[in-house]
Amino acid sequence: MAKKEEIIEAAKVTAKKVAIKAAQAAVEAAEVVVDKAAKAMKEAATPVITPEMAKIPAGPLELKWTNYKNHQKLVNPANKRRLDIIVIGTGLAGASAAASLAEMGFNVLNFCIQDSPRRAHSIAAQGGINAAKNYQNDGDSVYRLYYDTIKGGDYRAREANVYRLAEVSNNIIDQCVAQGVPFAREYGGLLDNRSFGGAQVSRTFYAKGQTGQQLLLGAYSALSRQIGKGKVKMYTRYEMLDIVLIPDENGEKRARGIIARNLVTGRIERFFAHAVVVGSGGYGNTFFLSTNAMASNGSAAMQMYRHGAYFANPCYAQIHPTCIPKHGDFQSKLTLMSESLRNDGRIWVPKKLEDAKRLQAGEIKGRDIPEEDRDYYLERRYPAFGNLVPRDVASRAAKERCDKGYGVNNTGLAVFLDFSEAIQRLGKDVVAQKYGNLFQMYEKIVDENPYENPMMIFPAIHYTMGGIWVDYELQTSVKGLFCIGEANFSDHGANRLGASALMQGLADGYFVLPYTIQNYLADQIGVPRMSTDLPEFAAAEKAVQDKIDRLMAIQGNRSVDSIHKELGLIMWDFVGMGRTAEGLKEGIKKIDAIKKEFWTNVYIPGEANSLNNELEKALRLADFIEIGRLMAVDALHREESCGGHFREEYQTPEGEALRQDDKFSYVGCWKYMGEDQEPQLIKEPLDYEFTERKTRNYKN
Amino acid sequence: MDQYIDIKVRVWRQAGPKAQGHFETYELKHVFQGASFLEMIDILNEQLVAEHKDPVTYDHDCREGICGMCSMYVNGHPHGPDSAITTCQLHMRKFKDGETITVEPWRSRAFPVIKDLMVDRGAYDKIMQAGGFVSVNTGGVPDANAIPIPKPVADEAMDAASCIGCGACAAACKNGSAMLFVAAKVSQLALLPQGKVEAAARAKAMVAKMDELGFGNCTNTGACAAECPKSVSLANIARLNREFLAAKFKD
């Protein structure tokens with residue numbers, strides 16, 4: 001009897017166990033299903049931008065732009081006179097757009113934060129501008145420039161845009177020469193070229209080491225001519241603080257003007273236009289220390305973003321390999337040494353750790369290390385391109401050597417850029433003629449003669465490939481709001497090649513936007529000029545005023561710069577050259593803490609309604625904090641390494657970037673969902689139709 | 001080797017265009033000589049902000065000697081005591097421990113003070129708008145290599161074109177003349193075949209605008225070229241005079 005009960009009891013226990021196991025399995029299975037469903041739902045919920053939405057014209061690659069121009073809508077001269085366009089910024093993109101639009105007959109209102117349109121930071125570009133002229137008969141073509149740009153961008157740019165860029169590149173050189181830009185010439189009187197990173201042809205046009213200056217002064221001349229004619233109304237020392245959207249008869253919001261602050265008087269003013277074009281540059285100053293000018297900022301981009309314009313690929317930031325290393329905590333910016341130096345300069349660190357240690361201790365100089373003990377690591381790792389590998393590759397290689405302890409200055413964060421071999425081969429005079437002004441600049445800053453001892457360089461934030469998403473017409477996801485130059489995301493993918501920023505800025509401003517904006521404005525000819533007394537203008541102005549009042553009222557203990565420097569260090573450490581999931585999560589937490597610190601403890605002296613530099617900086621920093629966070633969020637989501645975005649989890653055994661084309665071959669667009677809300681991801685798939693995606697190879 | 005130095009900075013403070021200005025002296029301790037001059041001003045401003053005082057307003061932007069924004073008279077020289085550089089490229093190693101450094105805004109009737117060290121250089125833009133361009137619209141231009149230009153000519157045009165429009169020339173001139181600025185642009189464009197067509201008209205228009213805006217006359221003292229951060233040559237002024245006379249003869 002007892003046995004029977006025991007058996008029953010045992011059976012019960014077994015049954016219970018089985019049941020529990022089954023239940024557990026069921027729960028697990030259900031969890032998996034729910035997980036999968038959630039993932040699928042999330043995937044399905046990620047909206048997608050189709051080529052039609054991006055307005056990419058149909059047809060073969062080389063005919064897209066021609067077809068577009070042949071079929072786009074135009075605005076006749078009488079109607080052009082009735083349309084006003086606001087252009088923000090006077091860099092290469094802004095100035096060339098403002099001048100070209102005015103020449104065509106539109107009324108242009110052009111704004112810049114400097115005291116003159118000639119001072120935008122495009123002026124500091126040194127090396128040159130690319131074009132597919134093939135003047136050197138070295139096998140260049142529009143297709144090859146297109147291909148190099150797509151490949152250099154690690155296959156993360158839009159094919160149609162890049163092809164158009166290569167196509168109009170030749171017009172830019174013609175235009176600039178006609179304006180009187182004094183490009184370097186050969187003895188026969190024809191234009192000279194040099195080579196730049198990421199290309200095997202010489203297609204870079206240059207004007208000494210001041211190409212950006214000369215191109216910008218060309219655009220500034222054209223702009224000045226239109227200001228003189230009264231076709232452009234120029235507003236210097238004005239900063240845009242918001243964009244005004246007004247719904248049309250169908251309720252669709254369109255950009256119809258801006259709110260701007262007169263930086264001299266502190267007055268907030270309203271301006272109407274039928275369309276708004278923003279060419280405000282990049283957001284590299286999020287890092288505080290960068291090669292950007294002190295006032296370069298990302299606030300215009302954030303204003304667009306908050307109104308619904310997507311922010312695309314914010315994590316794609318370019319770290320330039322050849323900058324003068326940091327020398328102290330008081331440092332305000334980093335100075336770039338032109339990439340053109342890599343034409344003749346050779347980059348190296350010592351082969352032996354003990355030599356590096358002695359260099360770091362200041363016991364020896366670079367020239368004391370014999371040839372056989374030097375490691376020309378770029379030539380060693382990338383025989384085919386050598387010292388002319390693209391910027392992202394060269395920067396990471398420098399970091400790799402310094403991380404291993406081979407750095408050559410007192411901080412261990414520098415490598416040598418050596419001209420001794422070039423001086424032997426070409427003579428000091430030739431080297432001085434080619435690079436003299438750069439050598440002089442180096443000597444003034446570092447107090448060391450680069451003809452006698454190799455220069456020291458280190459990577460620094462230089463350019464942002466990410467930016468506001470635009471369609472093929474350079475229109476953002478907000479109607480009537482256009483974005484050009486570095487401020488948009490379009491043409492460089494995940495990494496920009498040297499001498500291509502000038503090309504893109506001028507392409508957008510001279511040859512693309514003046515066409516495409518007409519396709520929009522053709523439908524706006526019936527829209528009368530609107531009063532800036534409309535409630536939308538009043539509301540926008542009030543919001544700007546409230547934000548300023550809030551900032552002025554904090555009266556805390558920290559200067560704007562001290563908080564900005566802190567943000568910069570976090571960006572460099574956690575969202576810099578080598579990123580990890582863990583680090584990025586940590587970085588986001590730290591950025592959130594900075595935001596809190598800023599909004600509770602910043603101190604701004606003086607009055608808001610007067611000239612107040614500290615207030616200007618504070619308004620910009622408020623936006624840099626948001627951009628920094630967005631960069632980190634984007635970098636965390638992009639689980640691959642491509643171009644300027646290097647996730648340490650995704651690299652080849654040799655330490656090269658490892659793309660995940662099956663998962664991340666898209667433009668990552670972020671949509672603003674409200675203050676302190678996580679942004680929504682929107683994808684524009686990059687289905688390469690015309691070019692085969694390869695692993696970037698600069699080795700052979 | 002760069003050291004740490006203690007300095008006094010005597011700065012021109014002026015609340016607004018019509019306000020009465022005055023010098024104010026500030027002490028700065030432990031300034032690294034590797035810092036740039038503007039970084040020294042940043043340190044001073046951080047100190048002032050910490051004391052809840054109004055920081056010194058000054059123009060600056062690129063900090064690599066090319067935008068032309070910075071504009072300070074340092075110890076009696078535009079852009080300071082070093083040659084062929086802008087204020088932002090000046091480093092503290094040019095100063096000695098215990099030194100008192102005097103900092104003023106550009107001195108020129110045509111560049112009125114906005115606040116402290118910041119001046120209004122809009123007059124230079126107006127001169128450019130009067131004729132500092134080649135009259136071509138975007139598009140419809142010949143191939144860039146259609147007109148060969150001898151290398152020495154292109155190089156000379158480039159040297160003239162290296163002007164950054166900072167205003168040091170007019171600020172250095174005892175007459176407050178903008179001749180070097182105007183001459184640089186007139187020369188650059190007159191040298192090149194693309195700009196030659198309008199050379200005489202351009203010279204006339206730009207000089208007329210310069211006179212109208214209250215800049216003084218050129219008496220060939222050469223202070224402008226001596227202080228020019230880009231070493232723009234006085235030869236450009238001779239070329240401007242030739243173009244200007246040619247234009248007058250044509251009239």
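This one's a predicted model, so the numbers in the text were calculated from it and none came from an experiment. Chain naming here is simple, since letters A, B, ... match the order of the sequence lines and numbering starts at 1 in each.
With chain A as partner, the option from B:A161, B:P150, B:G132 having the largest number of non-hydrogen pairs under 4.5 angstrom is B:A161. The greatest number of non-hydrogen atom pairs below 4.5 Å with chain B, out of A:G228, A:A184, A:A178, A:S122, is found for A:A178. Put simply, of A:V560, A:N292, A:I123, the one with the most heavy-atom pairs under 4.5 Å next to chain B is A:I123. Of the listed residues (A:A102, A:A99, A:A295, A:C176), the one with the most heavy-atom contacts under 4.5 Å to chain B is A:A295. In terms of heavy-atom pairs under 4.5 Å with chain A, the best-connected choice from B:A130, B:G195, B:G139 is B:G139. Among B:A146, B:A144, B:G140, the residue with the largest count of heavy-atom pairs under 4.5 Å with chain A is B:A144.
Using a 4.5 Å cut-off between heavy atoms, B:A154 touches chain A through backbone and side chain atoms alike. For a residue to count as touching a neighbouring chain, one of its non-hydrogen atoms must lie under 4.5 Å from one of that chain's; by this rule A:Q175 touches chain B with backbone and side chain alike. At a 4.5 Å heavy-atom cutoff, the contact between A:V446 and chain B is made by backbone atoms alone. Looking at A:F511, only its side chain comes within 4.5 Å of chain B, counting heavy atoms on both sides. Interface remark: A:K229 contributes no atoms to any contact with chain B (heavy atom separation under 4.5 Å). The contact between B:D59 and chain A is made entirely by side chain atoms (from C-beta outward), counting heavy-atom distances below 4.5 Å. In this structure, chain A has heavy atoms under 4.5 Å from both the backbone and the side chain of B:I164. Heavy atoms of A:Q214 lying under 4.5 Å from chain B belong exclusively to its side chain. For B:D2, the part sitting under 4.5 Å from any heavy atom of chain A is the side chain, from C-beta outward, and nothing else. Residue B:K53 touches chain A through its backbone alone, counting heavy-atom pairs closer than 4.5 Å. Both the backbone and the side chain of B:H52 come within contact range of chain A, judged by heavy atoms closer than 4.5 Å. With a 4.5 Å cut-off on non-hydrogen atoms, B:L192 touches chain A through its side chain but not through its backbone. In this structure, chain A has a heavy atom under 4.5 Å from the side chain of B:R93, while its backbone stays farther away. With a 4.5 angstrom heavy-atom cutoff, A:R558 does not touch chain B via any of its atoms. When heavy atoms are compared at a cutoff of 4.5 Å, B:E46 approaches chain A solely by way of its side chain, counted from C-beta outward. Residue A:E448: no heavy atom, backbone or side chain, is found under 4.5 Å from chain B. With a threshold of 4.5 angstrom between heavy atoms, B:P55 approaches chain A through side-chain atoms but not through N, CA, C or O. In this structure, chain B has a heavy atom under 4.5 Å from the side chain of A:Q433, while its backbone stays farther away. Only the side chain of A:Q213 has a heavy atom closer than 4.5 Å to any heavy atom of chain B. Both the backbone and the side chain of A:Q331 come within less than 4.5 Å of a heavy atom in chain B. Heavy atoms of B:V119 lying under 4.5 Å from chain A belong exclusively to its backbone. Neither the backbone nor the side chain of B:D116 comes within less than 4.5 Å of any heavy atom in chain A. In this structure, chain A has no heavy atom under 4.5 Å from any part of B:M40. For A:P182, the parts sitting under 4.5 Å from any heavy atom of chain B are the backbone and the side chain alike. The contact between B:A84 and chain A is made by backbone and side chain atoms together, counting heavy-atom distances below 4.5 Å.
The two residues A:L217 and B:C163 come nearest to each other via the heavy atoms CD1-O, 4.0 Å. Heavy-atom minimum distance, B:V49 versus A:S559: CG1-CB, 4.0 Å. When all heavy atoms are compared, the tightest approach of B:M158 to A:A207 is SD-CB, 3.8 Å. Between B:P142 and A:D174, the shortest heavy-atom distance links the atoms O-CB, 3.5 Å. Smallest separation of non-hydrogen atoms from B:I43 and A:F330: CD1-CB, 3.9 Å. Counting all heavy atoms, side chain and backbone alike, A:Q210 lies closest to B:S162 at NE2-CB, 3.5 Å.
A salt bridge links B:D82 with A:K444: at least one charged nitrogen is closer than 4.0 Å to a carboxylate oxygen. Between A:K333 and B:D42, none of the side-chain N atoms (NZ, or NE/NH1/NH2) sits under 4.0 Å from a carboxylate O, so this pair counts as no salt bridge. Using a 4.0 Å cut-off between charged nitrogen and carboxylate oxygen, B:D155 and A:R185 do not count as a salt-bridge pair.
Side-chain contact between B:M118 and A:L611 is present, with at least one heavy-atom pair separated by less than 4.5 Å. In this structure, A:H121 and B:D61 have side chains that are not in contact, with every pair of non-hydrogen atoms separated by 4.5 Å or more. Side-chain contact between B:I114 and A:R237: present, with at least one pair of heavy atoms (C-beta onward) separated by less than 4.5 Å. Proximity of A:E186 to B:K151: side-chain heavy atoms (C-beta onward) are nowhere separated by under 4.5 Å. Side-chain contact check for A:R118 versus B:M69: every heavy-atom pair is 4.5 Å or farther apart. Under the 4.5 Å side-chain criterion, counting only non-hydrogen atoms from C-beta, B:D143 is in contact with A:Y135.
Side chain of A:H327 to main chain of B:G34: a donor-acceptor pair is present (N/O by atom type, distance under 3.5 Å, no hydrogens or angles). Side-chain atoms of B:E39 come within 3.5 Å of backbone atoms of A:S332 as a donor-acceptor pair (strictly under, hydrogens ignored).
Here the straight-line distance linking atom NZ of B:K185 with atom OG of A:S224 works out to 9.0 Å at 0.5 Å rounding. The structure places OG of A:S221 at 11.0 Å from CD of B:Q129, a figure rounded to the nearest 0.5 Å. A distance of 10.0 Å separates CD in B:E64 from CG in A:L334, rounded to the nearest 0.5 Å. Atom NE2 in B:H91 sits 5.5 Å away from atom CD1 in A:I445 (nearest 0.5 Å). To the nearest 0.5 Å, the span separating CG on B:D125 from CD1 on A:I227 amounts to 7.0 Å. Residue B:K115 holds its NZ atom at 7.5 Å from CG of A:N613, rounded to the nearest 0.5 Å.
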Going through the checks in order, is the side chain to side chain contact (heavy atoms under 4.5 Å, CB included) test met by A:Y220 and B:M128? CA-CA 9 Å; A:Y220 163 70; B:M128 280 292 291; 3.5 Å; yes
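Within 6.0 Å of the CD atom in B:E24, the count of heavy atoms belonging to other residues, nucleotides or ligands exceeds 12. Environment of NZ in A:K69: crowded, with over 12 heavy atoms of neighbouring residues, nucleotides or ligands closer than 6.0 Å. Taking a 6.0 Å sphere around NZ of A:K326, one finds it holds more than 12 heavy atoms contributed by other residues, nucleotides or ligands. Other residues, nucleotides and ligands contribute at most 12 non-hydrogen atoms within 6.0 Å of the NZ atom of B:K94.
For the 3.5 Å distance criterion, the side chains of A:R225 and B:N137 qualify, holding a donor opposite an acceptor. Side-chain atoms of A:D115 and B:Y124 form no donor-acceptor pair, as typed in the model, at a separation below 3.5 Å.
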